[in-house]
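Here's the structure we're looking at; comments come further down.
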Amino acid sequence: MKNFKQGIVVVGGQWGDEGKGRIVDSISEHCDIVVRFHGGNNAGHSLHYDNKSIVLHLIPCGIVRENKLSLIGNGVVIDPDVLLQEIDTLKNMGLEVTNEKLKISYDANIIFPFHRQIDSHREENKEHFIGTTKRGIGPCYETKVSRTGIRAKDLICHDVLYSKLNHLSKIYSFELEAAYLTAKNWAKFIEPFLAPVGEILEAQFKQNKRILFEGAQGALLDVDHGTYPYVTSSNCVSAQASIGSGIGPSFLEEIFLVSKAYCTRVGEGPFPTEASKEEQERIREIGHEYGATTKRPRRCGWLDLPALKYAARINGATGVILTKIDVLCEITPIKICVGYKNNFGEKISFDEVLRNIEAKKQVYPQYEFIDKIEHFNDSIRNYNDLNDGAKKIISLVEDEIKLPIRLLTYGKERGKEIWF
Ligand code: IMP
Ligand code: MG
């Protein structure tokens with residue numbers, strides 16, 4: 001297969017939950033290093049292998065494989081309590097997370113309890129309700145950008161830590177001494193993991209190691225390019241893989257855009273191809289569409305090709321990965337959005353769709369219908385083995401996005417996939 005390049009980025013092409021965890025798990029077999037470069041434990045990346053299931057929120061998915069280095073880059077926001085929990089969970093599964101296997105950037109910003117409290121408190125305000133994961137992600141990025149954030153390296157430098165916390169405690173009214181104590185305790189276990197991630201990456205590239213950048217969330221949740229203000233607080237597009245890990249963009253050679261064969265969204269915000277209530281219930285039940293992080297039922301709808309084309313552009317995607325196509329076997333008819341019209345019946349691009357939505361103007365998805373697609377069996381090895389419905393979906397996607405589908409997955413377990 002595959003002819004993998006040396007720097008591979010996997011990013012979400014929708015509103016997150018495209019199955020990136022499963023994809024990273026599959027590709028990581030052929031890589032040496034897996035890097036998280038943005039977001040935090042708002043992410044929930046699910047893996048299924050050897051009859052085991054695990055959801056990782058913070059540690060890169062490569063951690064479940066032998067001899068892979070996992071890196072958490074400067075662009076990630078880290079809740080040390082969650083990190084500790086995740087290390088414990090992995091340990092209980094027989095996977096020891098040593099500082100040989102996991103390294104954390106000195107420059108990553110740290111999520112404190114006050115960040116979480118602000119996030120939750122804001123979500124109580126119905127006028128500015130985003131439907132966040134309440135993990136403190138947004139407030140942590142706020143302190144980062146306002147240049148008052150506490151970075152991983154500050155935890156081990158107690159004078160700096162105290163004076164930064166002192167400053168923050170006055171702005172956000174939290175108890176200084178308690179926060180200082182918490183942070184000093186975190187420092188004890190985090191210190192051995194701290195490392196110059198960008199430097200390591202460059203050295204590894206020079207030794208011809210293959211690096212996989214594990215995106216979180218998705219293009220339409222990107223703080224610049226998504227359905228603002230109903231977005232997350234980080235950039236989720238491929239360029240962030242460079243910024244959030246400390247190496248230059250020329251290392252990013254292959255950019256895989258992951259999309260489900262349908263669409264979901266958790267939280268508030270526009271979702272133009274959202275299905276009817278009955279259709280949503282059906283998709284949710286078959287696709288197990290409940291949040292991996294918050295357990296919320298996901299809103300469900302139809303594959304939105306103009307949105308995916310937009311995602312391909314802002315990511316500079318080199319190929320598309322289509323996941324969960326098996327879920328559609330049970331659904332008839334299947335709808336696929338192939339274009340949009342505005343109030344005047346004129347065709348509009350997805351850029352215009354976003355502007356129309358923000359200006360509170362109606363947009364009208366135009367659908368193609370597919371009667372049904374047949375069940376997949378495990379003997380499928382290549383394109384020719386696929387049924388007509390699946391071939392039709394593939395050709396619609398490739399025609400619209402003008403990129404090849406490189407990988408199709410038809411089940412959550414390792415191996416239920418075809419590379420093209
Ligand atoms: P936050 O990232 O917790 O601030 O949440 C902002 C928005 O992004 C909310 O709509 C969340 O539901 C959504 N979101 C954040 N992380 C993920 C994810 O990993 N998958 C899907 N949605 C997410
Ligand atoms: Mg998820």
Side-chain angles (χ1 to χ4, degrees), residues 10-25 36-48 53-61 75-79 82 86 109 111 115-125 128-145 214-237 240 244 258-260 262-271 274 284 287-301 307 311 321 323-324 357 409 412:
V10 169
V11 279
Q14 300 171 314
W15 281 282
D17 307 317
E18 299 90 353
K20 294 180 293 297
R22 188 222 181 287
I23 299 303
V24 169
D25 180 48
R36 277 282 308 266
F37 55 87
H38 75 106
N41 61 306
N42 47 352
H45 293 176
S46 309
L47 310 178
H48 309 274
S53 292
I54 179 168
V55 183
L56 290 167
H57 301 284
L58 202 49
I59 297 180
C61 290
V76 176
V77 287
I78 299 174
D79 185 328
V82 173
E86 207 156 282
N109 274 253
I111 300 175
H115 289 119
R116 279 200 304 271
Q117 282 150 17
I118 296 169
D119 201 356
S120 295
H121 183 69
R122 280 192 196 146
E123 284 292 300
E124 286 159 19
N125 178 351
H128 194 69
F129 180 62
I130 304 288
T132 74
T133 60
K134 301 185 186 171
R135 300 297 192 265
I137 307 295
C140 186
Y141 278 115
E142 282 173 39
T143 47
K144 169 179 177 170
V145 174
E214 177 180 347
Q217 289 85 49
L220 297 172
L221 287 172
D222 182 282
V223 65
D224 282 276
H225 304 290
T227 48
Y228 194 87
Y230 300 98
V231 293
T232 191
S233 322
S234 65
N235 287 108
C236 310
V237 292
Q240 177 64 24
V258 187
S259 169
K260 277 197 281 226
Y262 51 98
C263 209
T264 61
R265 160 158 220 177
V266 260
E268 295 302 295
F271 184 1
E274 191 161 16
R284 186 177 304 123
H288 308 290
E289 293 297 348
Y290 294 87
T293 298
T294 58
K295 313 280 182 273
R296 290 178 287 179
R298 294 178 182 145
R299 299 157 65 192
C300 298
I321 292 175
T323 63
K324 296 187 89 164
I357 288 172
T409 71
K412 61 185 184 180

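First listed ligand is number 1; within each ligand, the first listed atom is number 1.
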Side-chain ion pair, Arg122 and Glu142, N-O less than 4.0 Å: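 Yes, this pair counts.
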Quick one, Arg135 and Asp79 - any side-chain contact, counting heavy atoms below 4.5 Å?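 Not touching, per the 4.5 Å side-chain cut-off.
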Does the side chain of Asp17 come under 3.5 Å of the side chain of Thr264 through a donor N or O and an acceptor N or O?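 Per modelled atom types, Asp17 and Thr264 side chains form no pair under 3.5 Å.
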Taking atom types as modelled, is there a side-chain donor on Arg265 or Thr227 under 3.5 Å from an acceptor on the other?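 Side chains of Arg265 and Thr227: pair found under 3.5 Å.
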Counting heavy atoms only, which part of [X] comes closer than 4.0 Å to ligand 1: side chain, backbone, both or neither?
{"X": "Arg135", "value": "neither"}
{"X": "Trp15", "value": "backbone"}
{"X": "Thr294", "value": "neither"}

Identity of the nearest option to atom 12 (O) of ligand 1, non-hydrogen atoms only, from Arg296, His57, Arg298: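 Comparing heavy atoms across Arg296, His57, Arg298, the nearest one to atom 12 (O) of ligand 1 lies in Arg296.
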Could you name the option among Asn42, Leu221, Thr232 that has the heavy atom nearest to atom 14 (N) of ligand 1?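 Heavy atom nearest to atom 14 (N) of ligand 1 belongs to Leu221.
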Taking atom [atom1] of [X] and atom [atom2] of [Y], what is their separation to the nearest 0.5 Å?
{"X": "Gln240", "Y": "Gln217", "atom1": "CD", "atom2": "CD", "value": "10.5 Å"}
{"X": "Ile137", "Y": "His38", "atom1": "CD1", "atom2": "NE2", "value": "11.0 Å"}
{"X": "His115", "Y": "Thr143", "atom1": "NE2", "atom2": "OG1", "value": "3.0 Å"}
{"X": "Glu268", "Y": "Thr132", "atom1": "CD", "atom2": "OG1", "value": "11.0 Å"}

Give the residue, atom name and distance (to 0.1 Å) of the protein heavy atom nearest [atom].
{"atom": "atom 3 (O) of ligand 1", "value": "Thr133 OG1, 2.6 Å"}
{"atom": "atom 7 (C) of ligand 1", "value": "Val231 O, 3.9 Å"}
{"atom": "atom 11 (C) of ligand 1", "value": "Gly131 O, 3.5 Å"}
{"atom": "atom 17 (C) of ligand 1", "value": "Gln217 CG, 3.5 Å"}

Pairs of nitrogen or oxygen atoms closer than 3.5 Å, one from [X] and one from ligand 1: do any exist?
{"X": "Asp17", "value": "yes"}
{"X": "Lys134", "value": "no"}
{"X": "Val266", "value": "yes"}

His57 and its side-chain contact (heavy atoms from CB on, under 4.5 Å) partner, picked from Asn41, Asn42, Thr133: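 One option only clears the test, and that one is Asn41.
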Taking only heavy atoms of Ala43, which atoms of ligand 1 are found under 4.0 Å from at least one of them?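 Atoms satisfying the 4.0 Å criterion: 19 (O).
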Would Asp119 count as a contact residue for ligand 1, given that I'm defining contact as a non-hydrogen atom of the residue lying under 4.0 Å from a ligand atom?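 Asp119 does not count as a contact of ligand 1 under the 4.0 Å cut-off.
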